[in-house]
Amino acid sequence: MAVIKVDIANAPYEVRIAAGILARAGEHCRPFVRKDHVAVVTDENVAANWRGSVESSLAAAGIASHWLVLPAGEATKSWHHLAQVVDFLLAHEVERKDCVIALGGGVIGDLTGFAASMVKRGCGFIQMPTTLLAQVDSSVGGKTAINTAMGKNLVGAFHQPALVLADPAALGTLPLRDTRAGYAEVIKYGLIDDPAFFEWCEANGERLLAGESAARETAIARSVAAKARIVAEDEKETTGVRALLNLGHTFGHALEAETGFSDRLLHGEGVALGMVLAARFSVRQGLMSGQDAERVAGHVAAAGLPSSLASLGLSCDGRRLADHMLHDKKMDAGTLPFLLMRGIGQTFLAKDVDLAEVAAFLDEQLVG
Ligand code: GLY
């Protein structure tokens with residue numbers, strides 16, 4: 001088992017990573033659950049695959065579980081379901097020092113974490129992420145949120161979990177497309193500041209996507225270690241360090257908005273293409289070599305992720321994509337900070353990017 005400590009001041013916690021850990025969830029949760037019962041939030045798909053083993057493992061540790069099973073999908077990250085989770089936790093008389101369990105992907109983790117941040121002004125929660133994206137990114141670091149009519153993740157809170165249990169075996173029940181999309185966030189950590197990890201991805205990404213357990217565990221552990229280091233340095237994204245985790249997300253968010261946040265482009269696919277665009281824009285700005293940018297694009301393509309804007313077949317122009325960026329929640333007093341690269345593993349926050357130049361660059365990329 002790999003154990004990564006997330007060293008947040010006053011609230012450190014561990015991320016424990018091991019194939020089969022969900023079937024041993026009870027023994028890991030026991031010290032965090034003060035009572036003989038616990039509330040668990042999950043979705044229909046995850047419940048079908050994992051409820052049985054988590055429930056019996058909790059029972060074997062002397063913990064009865066109450067389950068709220070929500071519809072699967074992004075639409076569940078809503079005011080309506082937030083109220084449902086809060087009411088469920090209150091109905092089970094969750095107290096501040098209790099931990100509730102979020103078993104699922106990013107939707108369940110974000111929604112349950114946000115509910116936990118407000119019940120009794122904040123109770124504990126345990127993340128059991130079941131998608132690669134949730135295991136390497138969203139379950140760690142305490143960002144919680146729901147979507148509203150105005151956009152994705154615009155309402156939320158920073159609320160750190162008490163424990164994270166990541167089971168690479170859970171990825172075996174997911175469509176490969178979802179795992180590929182989660183893998184974009186793995187590549188991201190190499191590109192931010194760890195060129196040796198990017199090389200590891202180039203050498204081992206195929207094994208990971210083919211389902212090899214050791215490659216999955218290594219990728220999750222190295223990604224979580226990178227995220228833990230960054231989050232410990234800048235928990236609430238105030239100094240610019242945590243903002244590095246948004247590499248590829250500004251371009252990606254614009255593409256997700258243009259494709260209606262639909263199955264046409266999954267979040268991780270948007271991030272993958274966004275990282276390629278950030279690399280190519282960095283080349284255009286004279287910051288990065290074309291060779292490095294094409295290495296990024298080459299690995300993204302090899303992982304079966306989109307690496308060319310032209311191939312999306314969008315009918316808009318660059319200005320329209322740049323306009324979507326104006327609604328990005330990272331907007332800061334009228335300017336939009338951009339994550340650009342000086343090379344592989346040399347990402348930095350640029351605050352003086354001209355959106356007109358971004359629009360002109362996107363016009364070029366839209367035609368290939
Ligand atoms: N997913 C970006 C962050 O946690 O800061």
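Here the structure is a predicted model, which means the values were calculated and not measured. As the structure lists them, so they are numbered: ligands from 1, and atoms in each ligand from 1. Position 1 is the first residue of the sequence, and the numbers go up from there.
- With sequence neighbours excluded, the residues forming a side-chain contact (heavy atoms from CB on, under 4.5 Å) with Val46 are Thr42, Asp43, Trp50, Leu103, Thr130, listed by chain and number.
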I would like to know whether Asn246 and Thr250 meet side-chain hydrogen bond (donor to acceptor under 3.5 Å, both in side chains); could you show each step before the answer? CA-CA 7 Å; Asn246 295 322; Thr250 303; over 6 Å; no
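- Side-chain contact between Glu233 and Thr239: absent, with no pair of heavy atoms (C-beta onward) separated by less than 4.5 Å.
- A donor-acceptor pair is defined here as one N or O able to donate and one able to accept, closer than 3.5 Å; no such pair exists between the side chain of Asn204 and the backbone of Arg207.
- Side-chain atoms of Glu364 and Arg280, non-hydrogen and from C-beta on, never get closer than 4.5 Å to each other.
- Within the 4.5 Å cutoff, the side chain of Ile17 has heavy atoms near those of the Ile4 side chain.
- Listed as neighbours of ligand 1 are Asp137, Lys143, Lys227, Glu237, Arg242, Leu245, each bearing a heavy atom under 4.0 Å from the ligand.
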